[in-house]
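For ligands, and for the atoms within them, numbers begin at 1 and follow the listed sequence.
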Amino acid sequence: METGVTCSARAPILPNISSQHPVAFFIPRPISPSSSSSSRNWSVKKTSFLGDSVWVRPKSSSQRVPRRKNTSLGAKCEIGDSLEEFLVKSTKDKGLTRLMVCLGEALRTIAFKVRTASCGGTACVNSFGDEQLAVDLLANKILFEALRYSHFCKYACSEEVPELQDMGGPIEGGFSVAFDPLDGSSIVDTNFTVGTIFGVWPGDKLTGVKGRDQVAAAMGIFGPRTTYVLALKDVPGTHEFLLLDDGKWQHVKDTTEIGEGKIFSPGNLRATSDNPQYAKLIDYYVKEKYTLRYTGGMVPDVNQIIVKEKGIFTNVASESAKAKLRLLFEVAPLGFLVEKAGGYSSDGKQSVLEKVIAGVDDRTQVAYGSMNEIIRFEETLYGSSRLNNMAP
Ligand code: AHG
Ligand code: MN
Ligand code: MN
């Protein structure tokens with residue numbers, strides 16, 4: 001088994017993926033073959049994966065981040081590892097490894113499509129073969145193709161296609177995946193950071209399960225940098241990978257603790273008009289001089305907590321401003337990422353990971369943050385917090 005592989009091992013673990021798409025990524029054709037010295041090593045390669053042609057170049061050994069042992073995890077993982085190396089060292093589950101690598105390929109493609117989308121009309125569109133597709137629908141299509149290609153996905157569904165789609169993978173040893181292909185699709189045109197969210201459950205169930213049952217969750221973050229932030233059930237921490245110029249994902253950060261700090265991201269503020277408890281909570285943040293950091297994209301707003309290792313994100317509902325965020329596609333996967341990072345989540349009374357996902361369209365209010373922030377959130381909204389006994 002590969003679990004004995006040391007950090008110096010450089011062999012690809014998924015020959016059929018890595019040999020076909022070792023560093024394959026979408027890149028504009030150079031203006032002329034001699035226009036750039038770096039273009040000399042490029043050759044075009046046609047591939048059916050994700051239905052587009054790609055430029056490939058030979059593997060590069062260049063690394064931006066020097067290798068550093070991650071002693072806090074007590075594992076063999078090192079900052080500077082590739083995604084594949086991280087996964088080989090972290091899990092014996094080859095199916096899960098393959099699934100996460102295939103989703104990484106999809107995120108890389110979506111990043112390019114977002115970056116090159118044309119936003120002149122009513123929607124941001126990008127060409128895909130002969131079609132012109134809104135970029136969120138394109139992301140949706142790319143993710144379904146990647147999941148089918150992985151051969152380890154049984155069912156998948158998305159915010160765009162909520163009915164379960166059979167991806168052809170096995171139930172035993174396979175996974176079912178729920179995703180929001182492009183969270184923040186209304187802020188693509190303003191060039192804010194947007195992202196993809198997905199949750200991975202074992203077997204063939206995406207309803208009647210809890211967020212706590214996920215075996216992995218992740219988000220792709222398409223900002224000035226493209227990152228892939230993931231957590232695996234049996235591996236401590238939440239892990240950030242940076243997309244490098246050569247198309248590889250490189251492990252750049254682990255988060256294992258969320259501390260206290262005065263940053264707030266208040267979503268659905270319109271609910272304060274008829275939810276006095278939420279208004280009181282917002283008043284507290286303002287009076288205590290918290291720093292407002294809110295983009296209106298749940299992915300960057302929640303990622304902020306994981307990267308800064310502090311803060312609070314709230315999206316509270318009221319009678320007139322109902323809950324909008326979906327438990328299956330958005331709230332549960334992000335809850336998994338925050339809790340694996342050492343933070344807490346709440347719907348006001350319990351962790352969002354304890355909520356049974358009864359239907360694909362279930363929606364909920366939510367907060368993510370440090371322990372004391374979640375205690376304050378629950379106490380202000382409902383008068384008490386289940387976390388009080390645990391607080392230091
Ligand atoms: P989506 O683009 O997938 O529909 O979701 C966007 C979500 C989330 O990212 C954000 O926190 C929330 O919508 C903001 O909602 P409002 O703009 O309605 O406040
Ligand atoms: Mn969304
Ligand atoms: Mn969406």
Side-chain angles (χ1 to χ4, degrees), residues 103 106-107 110-111 113-114 117 119 122-126 133-144 156-162 177-199 211 217-223 229 263-275 278-279 282 292-306 311-338 345-347 352 357 360-369 377:
L103 285 164
L107 295 180
I110 295 167
K113 296 295 181 185
V114 169
C119 298
T122 49
C124 287
V125 296
N126 213 312
L133 270 184
V135 75
D136 47 357
L137 298 179
L138 187 48
N140 191 61
K141 186 170 174 164
I142 289 166
L143 284 159
F144 275 119
C157 67
S158 77
E159 203 183 65
E160 306 293 339
V161 182
V177 177
F179 61 91
D180 180 354
L182 204 62
D183 181 73
S185 45
S186 65
I187 52 173
V188 182
D189 57 351
T190 53
N191 211 6
F192 284 16
T193 295
V194 293
T196 294
I197 305 169
F198 62 81
M219 51 188 167
I221 303 159
F222 315 120
V229 173
I263 298 179
F264 75 125
S265 301
N268 205 27
L269 270 187
R270 54 184 88 77
T272 57
S273 70
D274 58 339
N275 183 335
Y278 193 27
I282 298 299
L292 172 66
R293 292 267 173 81
Y294 181 71
T295 71
M298 199 182 180
V299 166
D301 290 331
V302 175
N303 187 51
Q304 168 173 251
I305 297 170
I306 295 168
I312 173 90
F313 170 92
T314 53
N315 192 296
V316 175
S318 75
E319 193 48 42
S320 72
K322 302 252 189 298
K324 168 187 178 186
L325 300 175
R326 290 171 174 85
L327 181 57
L328 176 60
F329 305 113
E330 299 167 309
V331 173
L334 294 185
F336 189 85
L337 288 170
V338 169
S345 73
S346 178
D347 68 352
V352 298
I357 302 164
V360 295
D361 198 44
D362 287 5
R363 293 163 197 245
T364 181
Q365 63 179 11
V366 62
Y368 303 110
F377 172 80

S.K.: Who are the side-chain contact (heavy atoms from CB on, under 4.5 Å) partners of Ala367, not counting sequence neighbours?
M.R.: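 side-chain contact (heavy atoms from CB on, under 4.5 Å) check on Ala367 returns Ile312, Thr314, Ile374, Phe377.
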
S.K.: Which ligand 1 atoms, with their elements, are less than 4.0 angstrom from a heavy-atom of Asp180?
M.R.: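 Those atoms are 3 (O).
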
S.K.: Tell me, please, which residues at least two apart from Asp347 pass salt bridge (Lys or Arg N to Asp or Glu O under 4.0 Å).
M.R.: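 With neighbours one apart ignored, the set is Lys355.
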
S.K.: Could you check whether any heavy atom of Gly296 sits closer than 4.0 Å to an atom of ligand 1, since that is the contact criterion I want to use?
M.R.: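 A heavy atom of Gly296 does come that close to ligand 1.
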
S.K.: Taking only heavy atoms of Gly297, which atoms of ligand 1 are found under 4.0 Å from at least one of them?
M.R.: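 Listed by number with element, the hits are 9 (O).
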
S.K.: Side-chain donor-acceptor contacts of residues 183-192 below 3.5 Å, not counting sequence neighbours, with atom names and distances?
M.R.:
residue: Asp183; atom: OD2; partner: Met298; partner atom: N; Å: 3.1
residue: Thr190; atom: OG1; partner: Ile187; partner atom: O; Å: 3.1

S.K.: How about Arg326 and Asp180: do any of their side-chain heavy atoms sit closer than 4.5 Å?
M.R.: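 Counting from C-beta outward, Arg326 and Asp180 never come under 4.5 Å.
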
S.K.: Between ligand 1 and Met298, is the shortest N or O to N or O distance under 3.5 Å?
M.R.: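 Met298 vs ligand 1: N/O contact under 3.5 Å present.
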
S.K.: Where does Leu182 meet ligand 1, judged by heavy-atom distances below 4.0 Å: at the side chain, the backbone, both, or neither?
M.R.: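 It is the backbone that gets close, since no side chain atom is under 4.0 Å.
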
S.K.: Counting non-hydrogen protein atoms only, what is the nearest one to atom 19 (O) of ligand 1? Give residue, atom name and distance.
M.R.: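 Here the nearest protein heavy atom works out to Arg270 NH2, 3.3 Å.
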
S.K.: To which protein heavy atom is atom 16 (P) of ligand 1 closest, and what is the distance rounded to 0.1 Å?
M.R.: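 Of the protein heavy atoms, Lys324 NZ, 3.6 Å lies nearest.
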
S.K.: Looking only at protein heavy atoms, which one is nearest to atom 5 (O) of ligand 1, and what is the separation?
M.R.: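 Ranked first by proximity to atom 5 (O) of ligand 1 is Asp183 OD1, 3.1 Å.
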
S.K.: Any atoms of ligand 1 less than 4.0 Å from a non-hydrogen atom of Ser185? List them with their elements.
M.R.: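 Under 4.0 Å from Ser185, ligand 1 has these atoms: 2 (O).
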
S.K.: Is there at least one pair of N or O atoms, one from Asn268 and one from ligand 1, spaced under 3.5 Å apart?
M.R.: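 There is no such contact.
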
S.K.: Taking only heavy atoms of Glu330, which atoms of ligand 1 are found under 4.0 Å from at least one of them?
M.R.: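 Ligand 1 atoms under the 4.0 Å threshold to Glu330: 3 (O), 5 (O).
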
S.K.: Sorted by chain and residue number, which protein N/O/S atoms are under 2.8 Å from the Mn ion (ligand 3)?
M.R.: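 Under 2.8 Å from the Mn ion (ligand 3) - ignoring waters, which are not counted - the protein N, O or S atoms are Glu159 OE1, Asp180 OD1, Leu182 O.
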
S.K.: Which residue supplies the protein heavy atom nearest to atom 4 (O) of ligand 1, what is that atom called, and how far is it?
M.R.: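 Among all protein heavy atoms, the one nearest atom 4 (O) of ligand 1 is Glu159 OE1, 4.2 Å.
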
S.K.: Please could you name the atoms of ligand 1 that Gly184 approaches to less than 4.0 Å, counting only its heavy atoms?
M.R.: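 In order of number, 1 (P), 2 (O), 3 (O), 5 (O), 6 (C).
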
S.K.: Is any side-chain heavy atom of Thr193 closer than 4.5 Å to a side-chain heavy atom of Thr295?
M.R.: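 Side chain of Thr193 against side chain of Thr295, heavy atoms only: no contact under 4.5 Å found.
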
